[in-house]
4 protein chains.
Amino acid sequence: MAVAGRPRSDESHKAILQAAYDLLAEGGLAGFTFERVAARAGVSRSTIYRWWPNKGALAMESTLGSLTAELRISPDLSPIENIHLRLRRVAEAMKGPTGRIIAGMLAEGQQDPDTITSFTEGYLEPARGTMRALLRQAIDEGYLPADFDVETAMDVSFGSLYHQLMLRRSLEADWVERLTHFMFGRALLR
Amino acid sequence: MAVAGRPRSDESHKAILQAAYDLLAEGGLAGFTFERVAARAGVSRSTIYRWWPNKGALAMESTLGSLTAELRISPDLSPIENIHLRLRRVAEAMKGPTGRIIAGMLAEGQQDPDTITSFTEGYLEPARGTMRALLRQAIDEGYLPADFDVETAMDVSFGSLYHQLMLRRSLEADWVERLTHFMFGRALLR
Amino acid sequence: MAVAGRPRSDESHKAILQAAYDLLAEGGLAGFTFERVAARAGVSRSTIYRWWPNKGALAMESTLGSLTAELRISPDLSPIENIHLRLRRVAEAMKGPTGRIIAGMLAEGQQDPDTITSFTEGYLEPARGTMRALLRQAIDEGYLPADFDVETAMDVSFGSLYHQLMLRRSLEADWVERLTHFMFGRALLR
Amino acid sequence: MAVAGRPRSDESHKAILQAAYDLLAEGGLAGFTFERVAARAGVSRSTIYRWWPNKGALAMESTLGSLTAELRISPDLSPIENIHLRLRRVAEAMKGPTGRIIAGMLAEGQQDPDTITSFTEGYLEPARGTMRALLRQAIDEGYLPADFDVETAMDVSFGSLYHQLMLRRSLEADWVERLTHFMFGRALLR
DNA sequence: ATTTAAGCGAGACGGTACGTCTTGTCTTGAG
DNA sequence: CTCAAGACAAGACGTACCGTCTCGCTTAAAT
């Protein structure tokens, strides 16, 4: 049952998200301003304020879509190999604009807890869900021992990866490989 | 041999660092302003600009002293236990104001790479140095296999710990214990 | 047909002009600061910057109104007497706050030519217009010779008067009287 | 009888005056700063503060020498012609850097009365002295009537000339000629 | 057909902080 | 006693954003 009043402009909505994404990709958190987003989107500032309470929320929404795309599983690989592949892809993505955006959101979140919540719910938990399933499968199929600590494994893998990102340290393929070896042992990766 | 010119006021210097530390401890990065630091320290703003190029540098210097205090080794414990103890202490410290400050600096560093450099050189590398020594000792004394990947172990331990911090997730003792178990295996912790 | 956007606050506008006038009247150019004007007007600094490009412009606008008031002609006096009266009144006004303001604007104009332009167009030219009319009338009515140099007479009268002002020299009635005698000859002043 | 202590550096003294003069000539009052004078003179700021109480005094002293140079009388001309010549030369000088400096000092004097005093005593009164002598000579020799108001004539000539300068109006030769005509009548100038 | 209820642009407003600049004072060490 | 060097408190500068606000216009559902 539609409410009275002029409906929300889908055009503006999209333009804002796109402008926000572009700005974040270009300069990270610095230079990410409501004013600039509005200017680039060709939209009035108040329209942004009407729909997003703060920069974190806007940054989140403008980014989430593009983040979840790469979460795909190859059924012809072993669970451990699948995990390795996923980590490698995520690391790869983090080297580009997506990485700047995520780092920016984690940074923004230090001032505004809501951003952390959105980030966790919107991106991290889904990612952990897939990873969790893979780890459980690995246990079920005997690749990992029954008492393998799944949750900690995820804290470790995501944690070290994103920390690496924030410190602007290496996210190259061999770093990911060493990480996987460290977590699972060399034997499990053909 | 002192240089010409009025010498730097040690009093102001200390007052600035103290005020900066207090502000960071109180409100984290938000509300950490040169203006407020100056006001609280009873110092003119230009004096701060004269000595610190940006907020990150000031935040760093105001915190480093209190950070390095806790880097002490108990010689009567095994290397693994020492590592565990260190991680627990660091995690404990991160729950208080120090944690907010470090999270703030990592956040600030996303806009200003110099802050990351200062953080790495001033705090992280020294911490890694101690940790590295302990891990090598553990290998030498047979607690860990000869091919144990020391560097990755540090990426993992510090990484997951600080990521946990930034996500405002648990830093409780049992989390640290699970982390240590995950990295070294339960057997090694008495 | 009003333009879109929040309309300019007439209240703030007036408060700014009033505060500017008061500050100028009190202390002349020294102490005339956007910051103080803002504080006294109870207005944010940016509001002033939005409407006036520099101090001179604000000083001008805050003063022009009160300046043009005194330009009135008494029809029952001879043109020469009218001129004399006008000069005496202007000189009188220059002894008060208005004088400090005008001196301040002429001073300010040495750094910023726009201030001079505003002053000339907003105040001086109108004043010269009236004076010019009186001089022409005096010629027409035979008080002054046909080849009397009207423009130079105005350069001389205004010039010596405002120079006197800037040098903080006498602006008393007898000085004005001597000036008039010098320009027109004693005979013409009853 | 020399006083104890290091003698005043004549080199610094001259460098300061020269730097001050240059800065004034280049940019007028704007950009005339103790800091810049010190920098350009290769002198410490405190040295300037030790010898000059404020900008006006420094501006004055740096300029006075070059101002009085042009006050010379040609004995083979009539007094009126000499006056005319003098005014023309002063007007000519005012079109260059000297003019900017004098205008700057008159402006500066609106904030600091001492500058006005220095200006009057150091430059204006001497100039008026010469002019006064010429006018008296003109009266004595019958070029001007015995009751010619000498002081007012000087107020008028200098006043209109310097006002013209401050308004950035014409200081061309024909303007000076019209001024002389206005004051003395056409007959007296061949 | 008219009212009502948003959405939206434009843009003013009070604030806060930025980083820079200048002022006038002070403190040191060297001449 | 002078001078260079330079630190210091104070405070204004002009700019950039913030979050809020007031308008007038537009768009659609409800009356």
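Computed from a predicted model, the values in this text were never measured in an experiment. By convention in this document, chain letters (A, B, ...) are assigned in the order of the sequence lines, proteins followed by strands, and residues within each chain are numbered from 1.
- Taking atom CD of A:Glu11 as the reference point, atom P of E:dG7 lies 17 Å away to the nearest angstrom.
- The interatomic distance linking D:Lys55 (NZ) with E:dG24 (C1') rounds to 13 Å, in whole Å.
- Both C:Arg50 and A:Arg8 sit near DNA chain E, but only A:Arg8 has its closest nucleotide nearer the 5' end.
- Residue order along DNA chain F, read from the 5' end via each residue's closest nucleotide, puts B:His13 first among B:His13 and C:Glu35.
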Using the side chain to side chain contact (heavy atoms under 4.5 Å, CB included) rule, take D:Thr63 and D:Tyr123 through it: C-alpha gap first, then chi angles, then the decisive distance, then the call.
CA-CA 10 Å; D:Thr63 314; D:Tyr123 168 66; over 6 Å; no
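- Nearest heavy atom pair, residue A:Glu108 against residue A:Gly56, reads CG-CA, 3.8 Å.
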Please report the C-alpha distance between A:Met166 and B:Met166 in whole Å, then the side-chain angles of each, then the deciding distance to 0.1 Å, and finally whether the side chain to side chain contact (heavy atoms under 4.5 Å, CB included) criterion is met.
CA-CA 11 Å; A:Met166 300 209 75; B:Met166 301 209 74; 3.3 Å; yes
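- Nucleotide F:dT20 holds its P atom 16 Å from the CH2 atom of A:Trp52, rounded to whole Å.
- As a whole-Å value, the separation of B:Asp10 CG from F:dC8 C1' is 14 Å.
- Within the structure, every pair that satisfies the ring-ring contact (aromatic ring centres under 6.0 Å, His included) test and touches residues 21-45 of chain C, not counting sequence neighbours, is listed here: C:Phe34-C:Tyr49.
- Atoms CZ (D:Arg36) and P (E:dT20) sit 16 Å apart, rounded to a whole Å.
- Both C:Asn54 and A:Pro7 lie near DNA chain F, and the one whose nearest nucleotide falls closer to the 5' end is C:Asn54.
- In the interface, the side chain of B:Arg45 is paired with the base of E:dG19 through a donor and an acceptor atom under 3.5 Å apart.
- No hydrogens or angles considered: a donor-acceptor pair under 3.5 Å links the side chains of A:Ser44 and A:Thr47.
- Computed from C1' positions of five pairs at each end, the angle between the two local axes of the helix from E:dA1-F:dT31 to E:dG31-F:dC1 equals 10°, rounded to 10 degrees.
- Interface remark: the A:Arg6 side chain does form a donor-acceptor pair with the F:dT26 base, using a distance-only criterion of under 3.5 Å.
- Which of F:dC8, E:dG7, E:dC13 sits closest to the side chain of C:Ser12 comes down to E:dC13.
- In the interface, the side chain of D:Ser44 is not paired with the base of F:dG6 through any donor and acceptor atom under 3.5 Å apart.
- Summarising the geometry, the separation between CG on C:Asp112 and C1' on F:dG14 is reported as 14 Å, rounded to the nearest angstrom.
- You'll find that the side chain of C:Ser46 is closest to E:dG14, out of E:dT25, F:dG14, E:dG14.
- Note: OH (D:Tyr49) to P (E:dT22) measures 11 Å, nearest angstrom.
- If you measure from atom CG of C:Leu58 to atom C1' of F:dG14, you get 15 Å, rounded to the nearest angstrom.
- Checking each of A:Arg40, A:Arg36, A:Arg100 against A:Glu26 for a salt bridge (charged side-chain N to carboxylate O under 4.0 Å, His left out) leaves exactly one that passes, namely A:Arg40.
- Considering only side-chain N and O atoms, D:Trp51 lies under 4.0 angstrom from the phosphate OP1 or OP2 of F:dC3.
- For the 3.5 Å distance criterion, the side chains of A:Asp112 and A:Thr115 qualify, holding a donor opposite an acceptor.
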